[in-house]
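What's counted below: heavy atoms across the whole structure, side chains too, no hydrogens, waters or symmetry copies.
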Amino acid sequence: MVHYGHSNQLRQARAMGDYLIVGVHTDEEISRHKGPPVFTQEERYKMVRAIKWVDEIVPGAPYVTTLETLDKYNCDFCVHGNDITLTVDGKDTYEEVKNAGRYRECQRTQGVSTTDLVGRMLLMTKAHHSVANNEATQDFRRHQDNFGKDARGRSPWTGVSQFLQTSQKIMQFASGKEPQPGDCIIYVAGAFDLFHIGHIDFLEKVHSLSEKPYIIVGLHFDQEVNHYKRKNYPIMNIHERTLSVLACRYVSEVVIGAPYSVTSDLLDHFKVDLVCHGKTEVLPDKDGSDPYAEPKRRGIFQTVDSGNNLTTDDIVQRIIKNRLEYEARNQKKEAKELAVLEAQQRRERIIEGQEN
């Protein structure tokens, strides 16, 4: 999944220069240094390409970034979040470029990480929803330590923090473009949970339906999604899903908290020319009605086959299948990060004269 934390770092990185090249590691590299990848190499390439701030992809990029790598692709510097990335033997993957002064940092997005999202899938609680009860929140806090916390404490990089949505953040992600004369306004709706390659293939296919597409994505509120998906879905709450979808290059606008049924008022308000849905099952609304009855009546409904059958359920099953490996991976990852953090703090105390 390409969550909004990834997208936000890429947005910041793109603002630092004129051209953004993103290196994507191989399955083997990820497995060796971080544990089993959730997505295949090809899936990861396509997901990163879909982020609107990315200009170029380097497939099979080495896990350790060297000066040779930067020079090979004519890069002035490399950018990473303000956390630390370590090899399997605990070495900083950016040490060489940092020492050469060709390293920049962007702010890590508070409140999300792949570790956090994987934990939500495994813990099966609803505390991450936009409105969660106290019991669910306490249950989440009680159990999350089993997944990601090293016995000595919490790493500031792997540890989970709370995401707080702001209007400024939405503005940074939004295109800000209004529909232009001649644009074909296309409306699609759904949960778009764990924004993944299945969603991207669908949106790319919808985008190809017109020479001048203006795609509006209607996102359902968490409680609406949970009503028809059950369990602890959505894994990402409405605020997180909004930013993830806005970062996609095929999306022009997002309706936050769209109604489950596509209404006449919605179609008229946005002057919708076409309504699309994938080949996944369409569940009836709470009153038993077809949520796409109105666009069908108007003759503007179209089923789109993206050629990709991957669903959010499939991703969760991939995680559950490798649960023990993910838990072990994150505990080892946090232990290495804590060791580095403690060493940094010790050096700082020595410099300040607090230790010998």
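Between the side chain of Glu43 and the backbone N or O of Thr40, at least one donor-acceptor pair lies under 3.5 Å. Of the possible polar contacts, none joining the Asn8 side chain to the Gly5 backbone as a donor-acceptor pair under 3.5 Å is found. In this structure, Thr312 contributes its side chain and Asp193 its backbone to a donor-acceptor pair below 3.5 Å. With hydrogens and angles disregarded, no donor-acceptor distance shorter than 3.5 Å links the side chain of Arg241 to the backbone of Phe192. Of the possible polar contacts, one joining the Asn226 side chain to the Lys231 backbone as a donor-acceptor pair under 3.5 Å is found. A donor-acceptor pair under 3.5 Å is absent between the side-chain atoms of Ser252 and the main chain of Ile216, judged by distance alone. A donor-acceptor pair is defined here as one N or O able to donate and one able to accept, closer than 3.5 Å; such a pair exists between the side chain of Glu240 and the backbone of Asn237.
Side-chain atoms of Met47 and Glu42, non-hydrogen and from C-beta on, never get closer than 4.5 Å to each other. Within the 4.5 Å cutoff, the side chain of Pro284 has no heavy atoms near those of the Ser289 side chain. Here the side chains of Tyr250 and Phe202 are not in contact, with every heavy-atom distance at 4.5 Å or above. The closest side-chain heavy-atom distance from Ser244 to Met236 is below 4.5 Å. A 4.5 Å side-chain heavy-atom check between Cys78 and Leu70 finds at least one atom pair inside the cut-off. When side chains are defined from C-beta on, Asp313 counts as touching Lys229, because their heavy atoms get closer than 4.5 Å. Side-chain contact between Leu243 and Ile170 is present, with heavy atoms from C-beta onward closer than 4.5 Å. By the 4.5 Å heavy-atom criterion applied to side chains, Tyr73 and Thr69 are counted as neighbours.
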Residues Tyr94, His80; criterion ring pair (Phe, Tyr, Trp, His ring centres under 6.0 Å); working and verdict: CA-CA 9 Å; Tyr94 294 96; His80 191 259; 4.8 Å; yes
Passes side chain to side chain contact (heavy atoms under 4.5 Å, CB included), Val22 versus Leu10? Steps please. CA-CA 9 Å; Val22 178; Leu10 293 173; 3.7 Å; yes
Would you check, one step at a time, whether the test side chain to side chain contact (heavy atoms under 4.5 Å, CB included) holds for Arg44 with Ile30? CA-CA 12 Å; Arg44 294 197 305 277; Ile30 294 175; 3.4 Å; yes
Going through the checks in order, is the side chain to side chain contact (heavy atoms under 4.5 Å, CB included) test met by Gln41 and Glu29? CA-CA 11 Å; Gln41 290 171 212; Glu29 286 276 64; over 6 Å; no
Before giving the answer on side chain to side chain contact (heavy atoms under 4.5 Å, CB included), spell out for Gln223 and His227 the whole-Å C-alpha distance, their side-chain angles and the decisive distance to 0.1 Å. CA-CA 6 Å; Gln223 289 68 34; His227 175 76; over 6 Å; no
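Ile51 and Ile57 end up in the same hydrophobic cluster when Ile, Leu, Val, Met, Phe, Trp and Tyr side chains are linked at under 4.5 Å. With hydrophobic clusters built from ILVMFWY side chains whose heavy atoms lie under 4.5 angstrom apart, Ile320 shares a cluster with Tyr233. Grouping the Ile, Leu, Val, Met, Phe, Trp and Tyr side chains by contacts below 4.5 angstrom, directly or via other members, places Ile319 with Ile235. Clustering ILVMFWY residues whenever any of their side-chain heavy atoms sit less than 4.5 angstrom apart, transitively, puts Val251 in the very cluster that holds Ile238. Criterion: ILVMFWY side-chain heavy atoms under 4.5 Å apart, direct or through other members. Under it, Phe221 and Val245 are part of a common hydrophobic cluster.
Atom CG in Asn99 sits 9.0 Å away from atom CG in Leu67 (nearest 0.5 Å). The SG atom of Cys75 sits 8.0 Å away from the CD atom of Glu56 when rounded to the nearest 0.5 Å. Rounded to the nearest 0.5 angstrom, His33 NE2 and Lys91 NZ are separated by 11.0 Å. Summarising the geometry, atom CD1 belonging to Ile200 is positioned 11.0 Å from atom CZ belonging to Arg49; distances are rounded to the nearest 0.5 Å. Within the model, atoms NE2 of His207 and OH of Tyr214 stand 12.0 Å from one another, a figure rounded to the nearest 0.5 Å. A distance of 13.0 Å separates NE2 of His196 from NZ of Lys46, quoted to the nearest 0.5 Å.
Using cut-offs of 30° and 60° on the angle between ring planes, the pair His220 and Tyr228 is perpendicular.
Asp71 pairs by the salt bridge (Lys or Arg N to Asp or Glu O under 4.0 Å) definition with Arg102, not counting sequence neighbours. Among residues two or more places apart in sequence or in another chain, the salt bridge (Lys or Arg N to Asp or Glu O under 4.0 Å) test is passed with Arg11 by none.
More than 12 heavy atoms of other residues, nucleotides or ligands lie within 6.0 Å of NZ in Lys212, so this atom counts as buried by the packing criterion. Atom CG of Asp314 sits in a crowded spot, with more than 12 heavy atoms from other residues, nucleotides or ligands closer than 6.0 Å.
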Please set out all donor-acceptor pairs under 3.5 angstrom arising from side-chain atoms of residues 177-187, sequence neighbours excluded.
| from | atom 1 | to | atom 2 | distance (Å) |
| --- | --- | --- | --- | --- |
| Gln180 | NE2 | Glu178 | O | 3.0 |
| Asp183 | OD2 | Gln180 | N | 2.7 |

All N/O donor-acceptor pairs, side-chain side in residues 253-262, below 3.5 Å, sequence neighbours left out:
| from | atom 1 | to | atom 2 | distance (Å) |
| --- | --- | --- | --- | --- |
| Tyr260 | OH | Leu283 | O | 2.7 |
| Ser261 | OG | Asp285 | OD2 | 2.5 |

Under 3.5 Å, side-chain donor or acceptor atoms of residues 293-302 against the rest of the protein: list the pairs with distances, not counting sequence neighbours.
| from | atom 1 | to | atom 2 | distance (Å) |
| --- | --- | --- | --- | --- |
| Glu294 | OE1 | Arg297 | NE | 3.2 |
| Glu294 | OE2 | Arg297 | NH2 | 2.7 |
| Glu294 | OE2 | Arg298 | NE | 2.8 |
| Lys296 | NZ | Asp290 | OD2 | 2.8 |
| Arg298 | NH1 | Asp268 | OD1 | 3.0 |
| Arg298 | NH2 | Ser264 | OG | 2.8 |
| Arg298 | NH2 | Asp268 | OD1 | 3.1 |

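Ring centroid separation for the pair His277 and Tyr292 comes in under the 6.0 Å cut-off.
Taking a 4.5 Å side-chain heavy-atom cut-off between Ile, Leu, Val, Met, Phe, Trp and Tyr, the cluster of Val79 extends to Met16, Phe77.
Nearest heavy atom pair, residue Ala247 against residue Trp53, reads CB-CZ3, 3.8 Å. Leu267 and Val275 get closest at one heavy-atom pair: CD2-CG2, 3.6 Å.
With salt bridges taken as basic N to acidic carboxylate O contacts below 4.0 Å, none links Asp305 and Lys205.
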